[in-house]
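Please read the structure below before turning to the comments.
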Number of protein chains: 2
Amino acid sequence: MANQKSVRSKRKTGNKPARPRMADVGKLAGVSACTVSRAFNSPETVRPQILEKVHKAAKELNYSLNPAAKALRLQQTHIFGVIIPTLNHAMFAELVNSFQSTLSESGYAPVIITTGFDNRNIFDHIRAIVERGAEGLLMVGRVEDPRVREFIERSHLPVVTTYSYLEDESIPSIGFDNYQSARQSVDYLLALGHTKIAMIAGPSQGNDRQQSRIQAFRDAREMAGIKEEWPVVENAYDSAYASGANVMHSLLVSHPDLTAVVCSSDTFAIGALQEAKRMGLRVPEDVSIIGHDDFELAQLLDPALSTVKVPAAEMGKRCAEALLNAKVGNNPIVSRKLNASLILRDSAAPPKTKTKAA
Amino acid sequence: MANQKSVRSKRKTGNKPARPRMADVGKLAGVSACTVSRAFNSPETVRPQILEKVHKAAKELNYSLNPAAKALRLQQTHIFGVIIPTLNHAMFAELVNSFQSTLSESGYAPVIITTGFDNRNIFDHIRAIVERGAEGLLMVGRVEDPRVREFIERSHLPVVTTYSYLEDESIPSIGFDNYQSARQSVDYLLALGHTKIAMIAGPSQGNDRQQSRIQAFRDAREMAGIKEEWPVVENAYDSAYASGANVMHSLLVSHPDLTAVVCSSDTFAIGALQEAKRMGLRVPEDVSIIGHDDFELAQLLDPALSTVKVPAAEMGKRCAEALLNAKVGNNPIVSRKLNASLILRDSAAPPKTKTKAA
DNA sequence: TTGTACGCGTTATCAT
DNA sequence: ATGATAACGCGTACAA
C-alpha cells in the first residue's frame, strides 16, 4: 500500500507549486502531520519546543490550513447564508452589516445572495447557498413558496427570518410587527384629526411587510368609520426617492384635498416631502407626512420627519446570535418581537381648518 | 481492507440522520457512486434510463452534493473574499450589491468582511478570508500594510482593489481618480470666483481616497495663487449626516466669510446643506456646496446638489468580471480607470459680490 | 457505458 | 507528548 511519501511524490509536477500540507510542515519540523494539527488546534498539548519548530516550519513554507479539508473532516463550513432582496437599501445594508459584525467574532461569515424583490426564483438561490455549505440561513419576511418551506424543513438547518415578526409561523422570526408599525402612524394621524390620508407603499406582491402595512392602513380607516376610500399607491423600489416624489405629485394633483400621507419607507417620505415643498405646500401645515424606517437623514430634514424607527442593526445582531446559539449551544431559535415605534418629529400636525375647501 | 459498505456501517449511529452520500444514492438506484457523480457532472455520458433512476433516488434521499468534499477534490470553493470598510454606506453597499449580482451568474459568491475604517487589523481579516478558501480578493483603496502586500504576493490569488484607480500600483485597481474627482469640484468653484473655500472630509488616516481628495483641494488653492489657508475638517463617518451638519455649523461660525464648501461625500454635503439652510443662509447665493458620490437623493434636494458621480455599480461589476476572468480564463487583471465626473446642478454659484463684508 | 481504486488534506481514535 | 491509521465525500484514471 502506498505510503504518504510516495503518494506525495506522485503529485503533479506541473508549473503550479503544490500547496504545502500538514505532512510537509511536519517533515520540515521533524514531526508527524498529526502533531502539526495539534500544534494549531490544541497547542497546549504539544511541547513548547516542538510547537516553536512547527510554527517556524509553517511560516517558512507559507503554510495555511486547507479550509475544504477541514470542513470535510469537521462537517462544518462556518458559513451562514443570507438571502436578502438587495443590499442597495439602507435598512438591509445596516441589518447585514450588523449581522456580519456579530458573526465575525465567532469565526463565522455570511454568504450573501440578493434576490431582488422578485420572489419567484428564491428557491434556487436557497438551494445554491445550502449546497455551498451554509450551516444556517437568514431570510427576510414570510416564506411563501412551499418548495422553500419543504426544503428548509428537510434540511434540518437552523433558519431565522427577520424584518417581520410572525407569531403564527413555524419558521422562527426575529423582527417587528409591521402591521402595528404602520397602524401607529395612521392612528396618530387620525387622532390628529386627519380624514383624508393616502399611502405610498412599495410593491406588495410576495412582500408580507408591505401587505401588513397596507392592511393596517385600510383597517385604521375602516375602524375610524370613514367611508371614503383612501388611495394606496404601490411603486417601485429602485430610484425610490424619485418615485416617492412622482407619486406624491400625482397624488396631490388627483386628490387636492389630501391632508396627510403615510409612507412605507423613508425613501418615499423624503421624496414626497421634497416634492410637496417644491409644489409650494408647507409641511406639516398643508400636508402631514409620516415615514417608516427612521433613516439617519430623517431627523435632519426640514421639517424633521416623523417616522417609525426600524431596529435594523438590532435585528441583524439578534439573528446572528440566534443562529450562533443554534449551532454551538444547540438551542432552538425562538421568535422574538422587537420594538418599532413611531418617533414624533415635525412633519405631522393637525389638518388645516376647512379654509382650504373654500 | 475495509470496503465502502462496512465503513458505512461504522458511521456514528447517533440521533442525527447521516447525510446521504453518492454511494447511498447509487445503492438505491442500483449503480455505483461513480455513476452518480457522472450523472451530476456529465449527464451526457450516462444512459438516460440510469440518469433518471439516479435523479429519482437522489430526490428520494433528499441528496445534495457535499460542498466541502467537492471543494477538497477540485481545489475550488467558488468564493471570492470582499474586504470592505462597511456596508453601512450607500456607495459600498451599491458596489457590493453589484459585485454580488455579477458573480452569481457564474456560480460564485462573495464572503464579505467589514473592517471598519480602522485599517490596523485588516491583515487578520484577510488571512481569515483566505483560509476560509477565498479564490480571489476584492479590496478597497490602496493597500498600505506591508504584511498584507506580502501575504497577497505569496498567496498567488487574483486580487483587485477598487474605488481608487492607482496607476503606480503592483496590485491592479479598478476605480476612479480620487484626486481628479475632487480637483474638478474645487477648480469649478475657483472658476466661479470663489476664494474662500472649506473642505469637509472623512478621516484620512489609512484612507488614500480621502488623502487624494484633500491633496487635490490644497493643490488647487496653491495653484490658484491663494495664500490664505483653507480649512479642512476631517470628521467621523458614523452619523455622517449629523456630523456634516455639525461641521458646517462650526465652519460657518468660525469662518463667516466662507463662500463655498466642498464635501468628500454626499453624506456630509447633505448635512451641510440642511444646516446652512437652518442657519438662514441661502444655497447657493450665500454659500455654495459641492458633494461627492452622487447619492440618488442628491438631485432631489433643494437646491439640487452639484456633486461628483461615483460609478459604484460599475466598479462592482467590473471587479467581479475581472476576478472571474482571472479564474476561468486565467487572464491577468488589468487596472482600469473609470470616469467620475462632476454633475452640475444648483448648489453652486458665483460668490456674492462683496456686500457681505460690509 | 459503467465500476474499481485511490487521493484530495484534515482530524479523531487509539496505541505507544 | 507523539505517531500510525482511518475516515470525511467526491472526482477521475484506468480497467472492464
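What you see is a predicted model, and the numbers here were worked out from it, not measured in a lab. Labels below follow one simple rule: chain letters A, B, ... track the order of the sequence lines, proteins then strands, and each chain is numbered from 1.
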Worksheet item: Where the side chain of A:Asn66 is defined as all heavy atoms beyond and including C-beta, which of C:dG9, D:dG3, D:dG9 is the nearest nucleotide?
Response: C:dG9

Worksheet item: Got more than 12 heavy atoms from elsewhere within 6.0 Å of CD, A:Glu52?
Response: no

Item to complete: Measure up the A:Phe123 and A:Phe151 rings against each other and bin them: parallel (under 30°), tilted (30 to 60°), perpendicular (over 60°).
Response: perpendicular

Discussion item. For C:dG3 and B:Thr35 - does any side-chain N or O of the residue sit under 4.0 Å from the phosphate oxygens OP1/OP2?
Written reply: yes

Worksheet item: Of all the choices, C:dT4, D:dT12, D:dG9, which nucleotide is nearest to the side chain of A:Leu72 once you look at every atom?
Response: D:dG9

Discussion item. Could you tell me how far apart A:Leu65 (CG) and C:dC8 (C1') are, to the nearest whole angstrom?
Written reply: 15 Å

Worksheet entry | Any donor-acceptor N/O pair under 3.5 Å between C:dG3 base and B:Arg38 side chain | yes

Fill in: Qualifying residue, where the test is side-chain contact (heavy atoms from CB on, under 4.5 Å) with A:Met139 and the options are A:Val148, A:Thr115, A:Ile171, A:Ile84
A:Val148

Item to complete: Starting from P on D:dT2, measure out to NZ on A:Lys27 and report it in whole angstrom.
Response: 20 Å

Worksheet, complete the sentence: Note: contacts of residues 39-59 of chain B with DNA chain D (heavy atom, under 4.0 Å) are B:Asn41

Practice prompt. Could you please spell out the steps behind the side chain to side chain donor-acceptor pair (under 3.5 Å) verdict for B:Ser64 and B:Arg19?
Written response: CA-CA 9 Å; B:Ser64 72; B:Arg19 199 177 147 160; 3.1 Å; yes

Worksheet item: Quick one: is D:dG11 close enough that its OP1 or OP2 comes under 4.0 Å of any side-chain N or O from B:Gln75?
Response: no

Worksheet item: What is the distance from CD of A:Gln76 to P of C:dT11, rounded to the nearest Å?
Response: 11 Å

Fill in: Nearest-angstrom distance from the residue atom CZ of B:Arg132 to P of C:dG9
20 Å

Worksheet entry | Carboxylate-amine/guanidinium contact A:Asp24 A:Arg21, below 4.0 Å | yes

Fill in: Polar contact flag, side-chain donor to acceptor under 3.5 angstrom, A:Gln100-B:Thr114
yes

Practice prompt. Report yes if a donor N or O on one partner sits less than 3.5 Å from an acceptor N or O on the other, where the partners are the side chain of B:Arg73 and the base of D:dG11; otherwise report no.
Written response: yes

Worksheet item: Parallel, tilted or perpendicular: which fits the ring planes of B:Phe40 and B:Tyr63, with parallel below 30° and perpendicular above 60°?
Response: tilted

Discussion item. How many whole angstroms separate atom NZ of A:Lys70 from atom C1' of D:dA7?
Written reply: 17 Å

Worksheet entry | For atom CE of A:Met22 and atom P of D:dT5, their distance in whole Å | 19 Å

